[in-house]
There are 2 protein chains.
Amino acid sequence: MVQQAAAGLRQRKKQRTRDELLQAAQQLFLRQGYARTTVDEITAAVDVSQRTFFRYFANKEQVALALMADGADDLIHYLRARPSGENPLQALRAATRETWDARGVPEQEGATANAALEIFQLVESTPTLLAAHLHRLAEQQQMIAAVVAEREGVDPVTDLRPRLLAAVFSAVARTAQHEWTAAAGRGVAGEDFFRVLERHLDQLGPALTADWR
Amino acid sequence: MVQQAAAGLRQRKKQRTRDELLQAAQQLFLRQGYARTTVDEITAAVDVSQRTFFRYFANKEQVALALMADGADDLIHYLRARPSGENPLQALRAATRETWDARGVPEQEGATANAALEIFQLVESTPTLLAAHLHRLAEQQQMIAAVVAEREGVDPVTDLRPRLLAAVFSAVARTAQHEWTAAAGRGVAGEDFFRVLERHLDQLGPALTADWR
DNA sequence: TTGCCAAGTGTCAGCGACTGCCACTATTGT
DNA sequence: ACAATAGTGGCAGTCGCTGACACTTGGCAA
């Protein structure tokens, strides 16, 4: 996952301006908020033209979304690799854990980790960004459904289960993420995201079946 | 639900231009697509200024969303009215059925019903609109969670179940809606939305627990 | 009725996101 | 060294959206 050949100069240059744009955007967004940051400000900070900006990102939202660690591709990959003995929900849970573990390393710089959290909160609190984010999640959900259907060898058109499972899992994951972001914001620091997710998954059964009292 | 006093002339006039804007927007959106329709075109059709348009709708997306029968407020209302003996999931299911039944009547004009479907498909196929729609659903989901928590008398902050239930139910409902829209588009006409939703809810257990084979 | 207040509208001026177009510069393979 | 090609900059223009202000019109009381 996440590998890069140190190819030609052209490639590297491109990668560099892209990174610079991202970094400049991050600084400005976190300092002034998303809406109050113009594309011109971002490009000025990196000293490229506005036109160039829109060659790297389809729109302003995409810069912000690109700042969030995504991991969806990784998830798909890990999910494909899970042993076929597991039932789908187990496989999803395990793949998520692997995805999470795999990226812990470069995240320890403190300042970086903190910025990551702030970005989550920024997205969560900016309607347009949240909308775009939800849209992206919906797309990822479809991919998950497809992989699950393939894994289990069921017809993805007829059988509702893959889509339902993907939908429910995504919903739970998103709820957990929401919760985690909020908690981390309140200084209730430390709890691992995956731990939060597990707590949510554990409550899934009770929430659906039992009488609550 | 949905009641209107035939109040002063001022009120009626306002309602009228709002309706006209909606209708004009609907026509244009369905004819030319969302992106290729400008706000100026809409206002020209109704003969009001662009400025007025934005006094009625916060942005272009909102007109489109307003064209979709919403029913969220109704759902909340019905949900509150459900007998407290029911467990939450049952209550949600029943409230949804009531919401659905309550609006069947004025929808039979054929042409209207067909346009409604087309709007769903328009939203589904237009990224910005879909994003906005998902965002709205997320807000409604929060309201559902709040009502459920209140209904069951549990702490909405500590207890994860209300939010999880709302999230899962919304996810299933959305999946069903997606399915329904697609099916209706393929001419596999006739199946009641609520029927589709029930099929999905029935598959929820199997999708989560069982080994799929 | 008259006259006042407030609600609703139009106009205008302007910002910011985004696109198409074309000329220019810099890398790459030969 | 040269040509093909990828990437950038600048410009002109469209569209969504907003603030400010002047104007019209419906609601209401004297």
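Letters A, B, ... mirror the listed sequences (proteins, then strands); counts begin at 1.
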Just N and O in the side chain of [X]: are any of them under 4.0 Å from OP1 or OP2 of [N]?
{"X": "A/Thr38", "N": "C/dG16", "value": "no"}
{"X": "B/Lys14", "N": "C/dA7", "value": "no"}
{"X": "A/Ser49", "N": "D/dG10", "value": "no"}
{"X": "A/Tyr56", "N": "D/dG7", "value": "no"}
{"X": "B/Lys13", "N": "D/dG26", "value": "yes"}

So, does the side chain of [X] form a donor-acceptor pair with the base of [N] at under 3.5 Å?
{"X": "A/Arg10", "N": "D/dT5", "answer": "yes"}
{"X": "A/Arg51", "N": "D/dG7", "answer": "no"}
{"X": "B/Arg12", "N": "D/dG26", "answer": "no"}

*Under 3.5 Å donor-acceptor, A/Lys60 side chain and A/Tyr34 backbone*: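 Present.
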*For B/Ser49 and B/Thr52, indicate whether the former's side chain and the latter's backbone hold a donor-acceptor pair under 3.5 Å.*
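Flag set: sc B/Ser49 to bb B/Thr52 pair under 3.5 Å.
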*asked:* Classify A/Thr37 by what it touches in the nucleic acid, base, sugar-phosphate, or nothing, heavy-atom distance under 4.0 Å.
replied: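 Sugar-phosphate, backbone atoms only, no base.
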*If you look at every strand shown and take non-hydrogen atoms under 4.0 Å, does A/Thr128 touch a base, only sugar-phosphate, or nothing?*
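Nothing: the residue A/Thr128, judged by heavy atoms under 4.0 Å, touches no strand.
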*Could you tell me whether A/Glu191 and A/Arg199 make a salt bridge, using a distance below 4.0 angstrom between a side-chain N and a carboxylate O?*
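Between A/Arg199 and A/Glu191 there is a salt bridge, with a charged N closer than 4.0 Å to a carboxylate O.
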*Any idea which of D/dT8, D/dC17, C/dT19 is nearest the A/Phe54 side chain?*
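For the A/Phe54 side chain, the nearest candidate turns out to be C/dT19.
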What integer distance in Å separates [X]:[atom1] from [N]:[atom2]?
{"X": "A/Arg36", "N": "D/dC17", "atom1": "CZ", "atom2": "C1'", "answer": "17 Å"}
{"X": "B/Gln62", "N": "D/dC17", "atom1": "CD", "atom2": "P", "answer": "10 Å"}
{"X": "A/Asp47", "N": "D/dG10", "atom1": "CG", "atom2": "P", "answer": "9 Å"}
{"X": "B/Asp40", "N": "C/dT11", "atom1": "CG", "atom2": "C1'", "answer": "13 Å"}
{"X": "B/Glu41", "N": "D/dT14", "atom1": "CD", "atom2": "P", "answer": "14 Å"}
{"X": "B/Phe57", "N": "D/dT18", "atom1": "CZ", "atom2": "P", "answer": "14 Å"}
{"X": "B/Arg55", "N": "D/dC23", "atom1": "CZ", "atom2": "C1'", "answer": "12 Å"}
{"X": "B/Arg16", "N": "C/dA7", "atom1": "CZ", "atom2": "C1'", "answer": "17 Å"}

*Apply side-chain hydrogen bond (donor to acceptor under 3.5 Å, both in side chains) to the pair B/Asp192 and B/Trp100, showing each step before the final yes or no.*
CA-CA 10 Å; B/Asp192 197 297; B/Trp100 177 254; 2.8 Å; yes
*Take B/Val39 and B/Gln11, find for each the nucleotide of DNA chain D with the closest heavy atom, and name the residue whose nucleotide sits nearer the 5' end.*
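Nearest-nucleotide comparison on DNA chain D picks B/Val39.
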*For B/Phe194, is the NZ or CZ atom of B/Arg97 found under 6.0 angstrom from the centre of its six-membered ring and inside 45 degrees of the ring axis?*
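Relative to the ring axis of B/Phe194, which defines the angle, B/Arg97 lies inside both limits.
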